[in-house]
Structures are given as C-alpha cells and as structure tokens.
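See structure below.
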Amino acid sequence: MKLLLLGHEYKYAVEQIMLVLFPQERPEYITDSTDNTLKSPRGETHQSNSVTYIINDNSENRPGNISARSRLTYDNIYAQATTTILKDTRTHKGTARIKRDKLTGKLTTDRLLQRIIKQSFYRAAINLIDNPPVWGSLTGIRPSQMAMVSLKQNISDSKTAKWLTREYYVSPDRAALCTKTARASLDILQTLDVSTDVALYVGIPFCPSRCSYCSFVSNSVEKSFRLVEPFEEALLSEIEIIARSVKALGLRIISIYIGGGTPTSLPDDSFETVLRAISQAFNSDAIREYTIEAGRPDTITERKLDIMREHGVGRVCVNPQSMSDDVLKTIGRKHTSENIADAVNLVRSKSFAINMDLIAGLPGDTPDGFKHSLDAVMSMNPESITVHTLALKKGSRITLDSPVIPDGNEVAEMLDYASSRLSNRGYSPYYLYRQKFTSGGFENVGWCLPGYEGLYNVCMMEELCSVLALGGGGVTKLVAQGGRIERIFNAKYPKEYISQTEKIASKVNRIQSFLAD
Ligand code: SF4
C-alpha cells in the first residue's frame, strides 16, 4: 500500500494499523513528488517536513490499487488526524481529534497523536474490510492499560467497556475481557508500595529441545551441557551483585519468577545451587509469590520439586501447550499427554499451586483438538490456566517449515470455547497481552481461580512495579511513578551472557540512578 504522511512522521503507528486491517499489504512510502498514485479529487500540493508532495489528479488510479494519506493538522483547540484511503476509484475518509491541552510532555503527546492517527485510519478503512479485527483500532500489546486509565478516573467497568467499543471499535466481548483484567490489575496495584516493591525474574535459557513455534534463544541442555557450569557461575555472581543493590536501595522483593527456557532442564545440582543462592542473597520477608516454570513435563523430577519446596517455591508452571499427542509431536515435544498428567500428579502431591499453558492455533491442531486439550487440562484442576494464541515469530521453525496452521476463524472458535468454559468453572481473566503476528490478531489471557493471580505476570505486563531481571534473556524493566520506563537487556545466549559479566556493573549503576531518583 502506498502511504503518504503529511504533517507527522508516525510511520510505525500507520504501519501497525495498516497491517492489522490489510494484512496482505506492505507499506511503501511515497518519496517521489511526481508520484500520482494518491490521486486527490482536486489535485493538491502538500508540505511534509522537508519534502513537498504534489498529488496529481490527472491519471487514473489502477483497479485493485490501494493507497492512503495520513494527515495531522492543528487548530487552536484540537489536533486532528485525517486518513484518506483510495481504492480503485473511490475515496474513503476517516477523522479523529483530541484537545491540544491534553498533549502534555513528549511521551503523552506521541501516544495520543498516534492513537488518533490509528483511529482515523480505522474509520477510513472500516467499509473496505470483511472481518473487522476484534481489537478494533488498538494495536498495542497492553490494551488493558487503556481500560486502567478509565477505571482510575472512577468510571465504572461497564462504561469503560462501552467506551472501548465506541471510541476504538473493540468488540464488546474483548472490551469486557479487557476491563476485567484491568480491574484485576488495579486491585493488585492497590496492594503494592510502588516506591519499594520490586519483582525478581531469573532467566535460565536452556531447554531439553526446541519447540517449533519458539523464537526464544534457548539452548538445548544436551547440545550445550558444557555451558551450564559457566552459566551458573555468572548467574551466581549476578545474584550477589543485584542483591547488594536491592539492600542498598531499601527495595522489597515481592515476587520471584524463574523462567526461561526451562529452568528445570538444569541438572539437579545446578538447580539446587541457583535456588540456594537466591534464598541466601534476598530477604524473603515480603515475598508473596515464588514461581518456577517447569514447562516441560519431561524435566520434572521428585528431587527438583523437593528442592523447590525447601526454598519456598509455591507455584509451578507445567506447560503442555496441547494435550494432543500428534500436535505435541508436530511442535517438537519429546513427551506425550500422559507424561503431562503424570507430572501434574507429582507436582500436586507436593502441594504446589499449578499453572498450565495452552496455545490456540498450533500446527496440526483443530477446534475440536483444542477443546479436548482444554477439557483435559481443566480436569486436572490447575489454579491457573494461560491461554495463548500462536504467534508466528521470525526465527521459529514454523515460519520456515510452513506447516498447516488453523486460520483466524478456527482460532476464534478455540478462544471462544476457552472463555466460556473457563468462566463457567469459576476462572476469571486476570492478565492479558497481545503479540504481533498472531492468527486473527487475538490475545493471550491468564485465567485463575480466585486468589491465584500470578503476581509477577501482572506486575511485568501491566508495568505496575519494577522488575529486576537476572540471567539469560532477562529484561529489567524499571518503572517510575508517572509512567517513565527504562529497560535493560541481559544477553540472551548463554555464551554471550557468560562473557559479558562486566556489563552487570553498568546495569547496577543504571538501576541505582533510576530507582534512587
Ligand atoms: S519450552 Fe518454551 S522456551 Fe523452550 S523451546 Fe519450547 S517454547 Fe521455547
């Protein structure tokens, strides 16, 4: 799609909404002032920063061609976005505006202007698309943050949901879902002291094998066994250094989450050494949740569970993704659904709370197959169930092998089933996020029984408090009151992580100067 931006340079916002509404199109920016694809009814000349574009109406727009012009203008009171889409010989126009007095500070201004640009694009495009996206003109990964802003102004849940539908064209069921998760986040926020409370994340970037949909840079333990010991050493040193900072800054660790990768793929001794180091380094008085991802049932052993118990772990994630043996095989898992049930029984026998993850839209799966998986998982009574939508990420085997994957309508059927079954059984949605490149543009939702919200998940996704991340692939997210966010990335590959220990000193300086402000 040819795109012309006038009066702004929010390319990313325009591309995002274009890809949501016209997934087959790719952006092509007009830089040639003689380009006449964007035919205007009258013929106009526009000034956009340093480039003058002349839109010429002397030639016919070719049938099937589609192009869009996104313009931002100001008057004394409003900033107004106008999108004009030209398809074949017809013009479709959409506008959205915001009061200029709301444009305070660069971050807020950028966010609000991009929002009206996307709204105007959506309004212009709506008559051209067959299946309006369930998230309407919202393209961000955290739609519940929008609902939170409304709820914080004491606007009721139902009015907030209606506002999302009216203003942003979010479907009524997604608007209700989004408002529920925003309410759950707000309830959690009220229990936090954001000046001192932080969550701790530890990344263990090893897995027994690589799943076909995974783009996470995890190393198979078998292939990289020699890296486990130096990784462990580097991690122990980072634990010690970060713990000193936590103490010096007077921070309270409220949640520990060990993820990856698959932390339980470490050999027992290494696993125990890491957990012991965490227990010794950090004060546990304020810890409200300690979770370990034991994603692959083939890595869960009684010994590991005993080590977890000894060190205060209360919640274990067993993540089958599917309970269909064929699908498990297709995605590269080396275990069966029966192994999953056995692992869950073992974890349950040690009295842990259990989370289980499923993915809607896996290769080879069907709506009936997914329904069977959900029913099977629910029959094991986990305290929480996270239902993801498959994201086709660059670098994953799926994107290279091009297997048959369920289409958007099939994924919608899977998610609708999950939503109704889980609600009927007393689970509530407590966190929600979206990823790029998901089938149908759908979402990932964490569901839980009352009182079993995953605190780390909410704090991290909704940016309620800072997260200090250690280990491979860890992303430290520093959150200031007022919304300023700073991210610090640890190396992903174990090999890089091991050789970049000097970076930890600069990370500590950044953490200290941000949190001491
Ligand atoms: S278990 Fe998770 S991190 Fe490991 S390969 Fe599979 S999807 Fe990737």
Side-chain angles (χ1 to χ4, degrees), residues 201-225 227-228 231 235 257-267 270-271 291-301 304 316-325 327-337 339-340 343-344 347 354-365 373 377 385-401 403 405 433 435-439 444 446 454 456-457 460 469-475 490-497:
Y201 173 87
V202 181
I204 310 286
F206 296 95
C207 282
S209 63
R210 189 167 173 189
C211 305
S212 66
Y213 55 84
C214 183
S215 67
F216 185 79
V217 192
S218 58
N219 275 30
S220 130
V221 169
E222 274 165 37
K223 283 192 193 150
S224 53
F225 189 75
L227 294 177
V228 169
F231 173 83
L235 178 59
Y257 190 102
I258 306 188
T262 308
T264 41
S265 58
L266 288 180
S270 299
F271 187 73
T291 299
I292 293 197
E293 277 185 9
R296 305 289 202 91
D298 40 344
T299 63
I300 299 173
T301 61
K304 286 211 172 76
V316 176
C317 302
V318 184
N319 299 331
Q321 316 303 6
S322 170
M323 291 298 281
S324 150
D325 288 339
V327 174
L328 288 171
K329 207 166 159 194
T330 307
I331 63 172
R333 291 290 184 103
K334 288 182 178 168
H335 58 79
T336 62
S337 54
N339 300 143
I340 293 161
V344 168
V347 175
I354 297 174
N355 172 72
M356 297 180 80
D357 281 9
L358 284 175
I359 299 179
L362 285 171
D365 209 355
S373 293
V377 162
I385 298 177
T386 309
V387 181
H388 295 266
T389 302
L390 178 70
L392 294 171
K393 293 181 185 164
K394 273 190 205 153
S396 64
R397 256 190 14 243
I398 282 190
T399 53
L400 304 172
D401 296 352
I405 55 168
Y433 67 101
Q435 287 171 291
K436 282 188 196 161
F437 313 120
T438 55
S439 321
N444 306 319
Y456 164 78
N457 293 332
M460 194 265 299
L470 290 68
V475 181
N490 274 16
K492 287 181 181 172
Y493 288 104
K495 213 169 167 183
E496 282 174 0
Y497 175 74

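Each ligand, and each atom within it, is numbered from 1 in the order the structure gives. The figures that follow rest on heavy atoms only: side chains count, while hydrogens, waters and symmetry mates do not.
In summary, of the residues considered (Thr299, Ile292, Val202), a side chain to side chain contact (heavy atoms under 4.5 Å, CB included) with Pro263 occurs for Ile292 alone.
At least one heavy atom of Gly261 sits less than 4.0 Å from an atom of ligand 1.
Every atom of ligand 1 with a heavy atom of Ser209 under 4.0 Å away is listed here by number and element: 5 (S). Heavy-atom proximity to Tyr213, at under 4.0 Å, picks out these atoms of ligand 1: 7 (S).
Between Tyr456 and Thr291, the closest side-chain pair of non-hydrogen atoms is not below 4.5 Å.
Contacts of Cys207 with ligand 1, taken as heavy-atom pairs under 4.0 Å, involve the side chain alone. At a heavy-atom cutoff of 4.0 Å, ligand 1 is contacted by the side chain of Thr262 but not by its backbone.
Between the side chains of Asn444 and Gln435, at least one donor-acceptor pair of N or O atoms lies under 3.5 Å. With hydrogens and angles left out, the side-chain atoms of Thr386 and Asn355 include a donor and acceptor closer than 3.5 Å. Ser337 and Asp325 are linked by a side-chain donor-acceptor pair at a separation below 3.5 angstrom, with hydrogens and angles left out of the test.
In the candidate list Cys211, Pro205, Ser265, Cys211 is nearest to atom 5 (S) of ligand 1, counting heavy atoms.
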